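Keep in mind the model is a prediction, meaning the values are calculated, not measured.
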Amino acid sequence: MELQNTVKEALNALYHHPDDAVRMQADRWLQEFQRTIDAWQVADNLLHDTSSNIETSIFCSQTLRSKVQRDFEELPSEAFRPLRISLNTLLKSFHKGPPKVRTQISLAVAALAVHVPAEDWGDGGILNWIRDEMNSHPECIPSFLELLRVLPEEVFNYKIAVRPDRRRSFENELAAGMEIALNVLTACLNINGLSDQVLEAFASWLRLRHRIPASALASHPLVHTALSGLSSDILFEASVNVISELIHYTAVRNLDGVASQMPLIQVLVPRIMNLKPQLRDPSKDEEDVKAVARLFADMGDAYVELIATGSEESMLIVQALLEVTSHPEFDIASMTFNFWHSLQIILLERHTHYPYGNEPSSEAEKSPQLLAFHSSYEALVSLVSAKVEYPQDYTDLSREDQKDFKQTRYAVADVLIDAALVLGGDATLKILYVKLIEAVSNRGQGQQTDWRPAEAALYSIRAISDYVTKTDGDVMPQIMNLLPQLPHQPQLLQTVCLVIGAYSKWFDAAPSGPSFLSPLINILVSGMSVSEDTAAAAALAFRHICDDCKKKLCGSLDGLFQIYQGAMIGEGPFKVSADDSLHLVEALSMVITELPSEHAKKALEALCLPAVAPLQDIINQGPLVLGQKPARDLTVHIDRLANIFRHVNHPEAVADAVQRLWPIFKSIFDIRSWDMRTMESLCRACKNAVRTSKTLMGVTVGVMLEEIQALYKQHQQPCFLYLSSEVIKIFGSDPSCTNYLKVLIESLFNHTTFMLTKIQDFASRPDLVDDCFLLASRCIRYCPQLFFQSPVFPCLVDCSMIGVTVQHREASNSILNFLSDVFDLANSTQGKPYVSIRDNVIIPRGPVITRILVAALTGALPSSRLETVTYTLLAITRAYGLKALEWANETMSLIPSNAVTEVERSRFLQALSDAASGATTNGLILPIEELSEVCRRNRSVQEIVQGALRPLELNMVSVS
């Protein structure tokens with residue numbers, strides 16, 4: 001009683017106390033209470049107490065539902081029957097009570113049925129029990145109908161803490177009892193006012209797919225009630241739900257399976273087609289139209305294989321779907337987009353005779369079936385391209401609505417690509433060009449202010465750029481002639497710039513393409529001067545043009561440099577942001593790559609100058625100024641250099657540039673080594689230079705690594721490890737670098753493992769952990785001769801054992817991947833000579849590593865990490881065979897039988913045994929996943945398993 005009163009007081013405080021702190025405290029207490037074993041009795045008592053208010057009833061019904069779902073194993077086996085009786089009493093007593101409470105009690109009974117096998121339930125299983133209860137208590141039929149609705153839904157509810165075997169058995173029990181369920185529902189149709197509820201329950205049972213033949217459903221009273229309900233305002237919504245499920249029930253995955261579904265399809269399709277006038281009926285509200293559209297969209301998705309045959313009946317459905325697509329409300333129109341995509345895939349797979357990506361040269365090469373859909377896809381292009389037009393009030397829209405509009409445009413772009421794949425890019429372009437001409441002509445007839453139709457047409461033209469012939473000499477020149485005539489309204493100019501960038505390959509390949517480069521680059525320069533958005537689009541387009549037309553632009557380098565320097569220095573009207581300026585850096589870098597070596601060095605120097613000069617200026621002001629500058633003042637210039645080193649593919653020129661710039665870099669390393677942002681930027685620049693110049697950077701790399709080796713001891717910047725990783729990749733197998741790299745990796749790894757001695761250290765520095773173990777994996781791949789013979793190898797293995805269960809995803813994955821690389825060593829030719837050294841380290845630690853991996857699998861790491869953990873566990877099993885199986889056996893023997901049964905244990909160990917015998921991974925995954933699911937099925941079980949395995953408390957094996 002005392003606890004019941006405390007619950008009531010806490011609920012009162014939660015809902016009615018004016019102080020937020022008190023409400024939060026009450027909420028925390030109630031959450032903790034729900035986890036206690038006392039919650040069963042208290043919640044049950046308060047629900048049976050007729051004086052409990054609505055808040056108490058809702059809370060207690062949720063608590064009871066949650067306890068049955070998650071904590072049923074807390075109860076002794078003899079508690080089941082009294083619990084079932086109590087829930088049954090509550091279901092009946094609340095049959096006219098608050099719907100929220102009744103739903104929670106129904107869910108609790110359904111969850112109980114998931115836990116308890118039919119033979120233990122008694123009364124012939126839950127379905128017979130429901131039928132008998134309905135017959136005995138006709139006044140409570142609505143309550144039992146709700147239970148009948150939620151019951152099949154619980155098959156897929158993974159909140160219910162049952163073992164996978166029991167979940168499968170429950171689904172089979174329901175499948176076996178489906179006829180009973182449908183008979184009960186059919187009988188309830190005769191009771192006034194229940195048809196709506198009956199149909200909702202029927203829809204729920206249909207989700208247990210393919211349990212009743214379509215021919216039987218075609219004449220079933222429940223199906224006919226749903227079809228009749230389409231003309232009833234009261235039953236309309238429930239009927240739509242049933243028919244939607246029936247459509248999915250009869251979905252045709254391939255034409256071979258269509259005959260068995262046809263009896264029901266022939267009943268459904270005509271009735272749905274009769275709804276077509278409602279799509280245009282102004283008297284229908286939007287929700288009703290949306291429901292009708294949903295049926296057409298479902299029909300398209302489910303029967304797309306049939307529709308793709310191009311029969312007369314199919315084309316009627318396609319016309320109806322086009323009508324849905326034409327609806328002015330995008331939410332309704334977009335319901336069909338998946339259909340158009342699926343149809344495109346089937347048409348191209350089934351009806352074309354040319355390799356993907358090579359369009360047929362004539363319509364004659366396309367099959368008749370494909371041609372049959374041409375007019376539909378042509379209509380589709382016209383319909384959807386209008387939907388990307390900016391709304392007139394766009395600037396007044398909220399940020400969220402503007403974001404939604406952008407998503408709309410992306411979705412339409414995908415549909416236009418589907419159309420281009422069916423029609424061909426050139427044919428689609430012609431349709432869109434006509435729309436562009438119309439839009440420009442309308443502007444010429446006095447509609448000077450409306451730029452939106454032209455922008456929409458250009459947006460659509462940009463969307464299909466990858467599918468237009470690169471040498472098109474018909475439509476493309478006309479479009480490009482038109483672009484300089486358009487006004488520089490910001491959104492229109494932004495799209496014009498993006499179109500120029502999207503067709504950069506055409507400028508290079510088409511005979512007339514180069515003649516347009518000069519005027520269109522002028523448009524891009526204008527774009528860089530109007531607004532930040534247009535500048536961003538122009539800079540990106542400039543990059544594409546320079547990338548694809550670099551050979552043709554080598555002779556115009558002076559003009560390109562003028563644009564580049566103006567934008568970099570910020571002279572004149574340029575509005576290119578620091579981030580977007582990187583596109584210009586990349587653009588010039590790509591053109592310089594095409595220059596001969598003797599010219600490239602000078603051009604590279606000029607390219608670097610706008611970034612180098614400000615850095616040199618800051619350094620010249622002395623260490624104090626350099627140390628106090630905001631990181632952004634440095635990184636904006638260093639990032640530009642990083643991009644230059646990445647994209648100028650002249651290894652010798654880049655190596656010379658870095659050697660020349662090293663004094664600047666060293667000054668920044670020395671003064672700013674505490675500053676993570678600046679160090680990351682500088683290390684990225686050095687990494688790109690090493691990647692481009694490779695061994696040509698030998699001299700500079702030596703001093704660079706001496707620098708970071710010394711600085712790492714002081715500041716432990718993860719990016720120093722990241723840079724070292726790139727150096728290992730390039731120089732790891734070079735015998736002349738052996739001594740130097742050995743000193744480097746031992747210094748870095750010794751210092752890192754010294755800092756990572758407990759799990760909290762891993763949690764507080766996940767970036768350091770990530771880069772440390774990525775570097776270790778690189779060493780295994782590129783310099784195993786240094787790594788495995790070094791004393792740092794056993795230290796890193798010990799370190800990995802401490803930190804493998806860190807919750808940070810990248811850090812944990814890097815450790816697991818490192819361990820996998822160690823176990824997979826014998827798979828590589830380079831690694832084989834070091835297997836015996838590896839074994840001397842791993843075998844003494846094998847039992848502990850296996851135990852930690854099983855702990856990670858069963859709850860120490862999130863289930864999203866399951867794939868990586870599984871791979872690592874299988875890798876150690878394959879590497880160590882019978883030894884690994886012994887380790888796994890020892891580990892599994894620690895887990896109590898109330899958490900994992902002998903059958904589940906045996907299945908898991910058999911999977912590992914199969915792995916040791918060389919079985920492929922695919923067949924081993926299910927028993928491993930099921931062990932993970934069993935051990936995570938509720939908090940109590942997870943705590944029992946982790947308490948038995950204690951991954952964080954294991955004593956590390958010391959190696960002499």
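Every residue was checked against the side-chain hydrogen bond (donor to acceptor under 3.5 Å, both in side chains) condition with Trp506, not counting sequence neighbours, and none meets it. When the salt bridge (charged side-chain N to carboxylate O under 4.0 Å, His left out) test is applied to Glu680, no partner is found at least two apart in sequence or on another chain. Qualifying salt bridge (charged side-chain N to carboxylate O under 4.0 Å, His left out) partners for Asp675, counting only residues two or more places apart in sequence or in other chains: Arg672. In this structure, Ser382 has no side-chain hydrogen bond (donor to acceptor under 3.5 Å, both in side chains) partners at least two apart in sequence or on a different chain.
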Given side chain to side chain contact (heavy atoms under 4.5 Å, CB included), test His17 with Gln25 step by step and report yes or no.
CA-CA 11 Å; His17 202 284; Gln25 188 180 356; over 6 Å; no

Run the side chain to side chain contact (heavy atoms under 4.5 Å, CB included) test on Leu682 and Leu723 for me, step by step, so that the C-alpha distance in whole Å, both residues' side-chain angles and the decisive distance to 0.1 Å come before the verdict.
CA-CA 10 Å; Leu682 193 53; Leu723 174 55; over 6 Å; no

Would you please test Asp770 and Asp767 for side chain to side chain contact (heavy atoms under 4.5 Å, CB included) and show each step?
CA-CA 5 Å; Asp770 185 23; Asp767 47 352; 5.5 Å; no

Candidate pair Arg280 and Ser326, rule side chain to side chain contact (heavy atoms under 4.5 Å, CB included), full reasoning:
CA-CA 10 Å; Arg280 294 285 177 193; Ser326 72; 2.5 Å; yes

Show the numbers, then the answer: is there a ring-ring contact (aromatic ring centres under 6.0 Å, His included) between Tyr564 and Phe574?
CA-CA 10 Å; Tyr564 170 74; Phe574 285 106; over 10 Å; no

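Residues Lys387 and Thr408 approach most closely at O-CG2, 4.1 Å, considering heavy atoms. Nearest heavy-atom pair, Ala293 versus Val324, reported as atom, atom and distance to 0.1 Å: CB-CG1, 3.8 Å. Smallest separation of non-hydrogen atoms from Tyr433 and Ile479: CD1-CG1, 3.5 Å. In plain terms, the two heavy atoms of Glu389 and Pro453 that are nearest each other are OE1-CA, 3.6 Å. Considering all non-hydrogen atoms of both residues, Cys497 and Ile523 come closest at SG-O, 4.4 Å. In terms of heavy atoms, Arg865 sits closest to His808 at NH1-O, 3.8 Å.
With rounding to the nearest 0.5 Å, the separation of CZ in Phe516 from CG in Leu483 is 9.0 Å. How far CD1 of Ile521 is from OG of Ser526: 12.0 Å, rounded to the nearest 0.5 Å. Rounded to the nearest 0.5 Å, atoms CE (Met528) and OG1 (Thr534) are 10.0 Å apart. The structure places CD of Gln491 at 10.5 Å from CZ of Arg452, a figure rounded to the nearest 0.5 Å. The distance from the CZ atom of Arg28 to the CG atom of Leu30 is 11.5 Å, given to the nearest 0.5 Å. Leu607 contributes atom CG, which lies 9.0 Å from atom CD of Gln565 (distance to the nearest 0.5 angstrom).
Side-chain contact between Asp414 and His341: absent, with no pair of heavy atoms (C-beta onward) separated by less than 4.5 Å. Val384 places none of its side-chain heavy atoms less than 4.5 Å from the side chain of Trp340. Counting only heavy atoms from C-beta outward, the side chains of Leu524 and Leu520 never approach each other to under 4.5 Å. Residues Phe330 and Val412 form a side-chain contact, since some pair of their non-hydrogen atoms from C-beta on lies under 4.5 Å apart. Looking at Ile668 and Ile638, their side chains come closer than 4.5 Å, going by heavy atoms from C-beta outward. Residues Thr868 and Leu861 are not in side-chain contact: their nearest non-hydrogen atoms beyond the backbone lie 4.5 Å or more apart. Looking at Asp579 and Asp639, their side chains never come closer than 4.5 Å, going by heavy atoms from C-beta outward. Taking 4.5 Å as the limit, some side-chain heavy atom of Leu322 sits within range of a side-chain heavy atom of Ser376.
Although no hydrogens or angles enter the test, the distance criterion places a donor-acceptor pair under 3.5 Å between the side chain of Asn688 and the main chain of Ala642. Judged by distance alone, the side chain of Lys629 and the main-chain N or O of Gly627 form no donor-acceptor pair under 3.5 Å. In this structure a side-chain-to-backbone donor-acceptor pair under 3.5 Å is missing from Lys575 to Glu532. Side-chain atoms of Ser244 do not come within 3.5 Å of backbone N or O of Val240 as any donor-acceptor pair. Formation of a donor-acceptor pair under 3.5 Å by the Thr336 side chain with backbone atoms of Phe339 is not found in this model. Between the side chain of Gln402 and the backbone N or O of Tyr394 there is at least one donor-acceptor pair closer than 3.5 Å. Without hydrogens or angle criteria, Ser681 side chain to Arg677 main chain gives no donor-acceptor distance under 3.5 Å. Side chain of Gln344 to backbone of Ala419: no donor-acceptor contact under 3.5 angstrom is found.
Of the residues listed (Leu321, Ile247, Ile332), the one engaging Phe296 in a side-chain contact (heavy atoms from CB on, under 4.5 Å) is Leu321, and it is the only one.
Shown here is Glu237, whose CD atom has no more than 12 heavy atoms of other residues, nucleotides or ligands within 6.0 Å. Asp233 CG: 12 or fewer foreign heavy atoms inside a 6.0 Å radius. Heavy-atom contacts from other residues, nucleotides or ligands closer than 6.0 Å to CD of Gln478 number more than 12. More than 12 heavy atoms of other residues, nucleotides or ligands lie within 6.0 Å of CD in Gln807, so this atom counts as buried by the packing criterion.
Gln31 and Asp27 share a donor-acceptor pair across their side chains, judged by distance under 3.5 Å alone. With hydrogens and angles left out, the side-chain atoms of Thr635 and Arg684 include no donor and acceptor closer than 3.5 Å. Side-chain contact, Thr495 with Glu455: a donor N or O sits under 3.5 Å from an acceptor N or O.
Using cut-offs of 30° and 60° on the angle between ring planes, the pair Phe405 and Tyr390 is tilted.
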Would you mind writing out the side-chain donor-acceptor pairs for residues 459-466 within the sub-3.5 Å range, not counting sequence neighbours?
unit_1, atom_1, unit_2, atom_2, d
Tyr459, OH, Arg409, O, 3.1
Ser460, OG, Ala456, O, 3.0
Ser465, OG, Arg462, O, 3.1

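Within the structure, side-chain hydrogen bond (donor to acceptor under 3.5 Å, both in side chains) pairs that include any residue of residues 283-293 comprise Asp281-Ser283 (at least two apart or interchain).
Salt bridge absent: Arg294 and Asp331 never bring a charged side-chain N and a carboxylate O closer than 4.0 Å.
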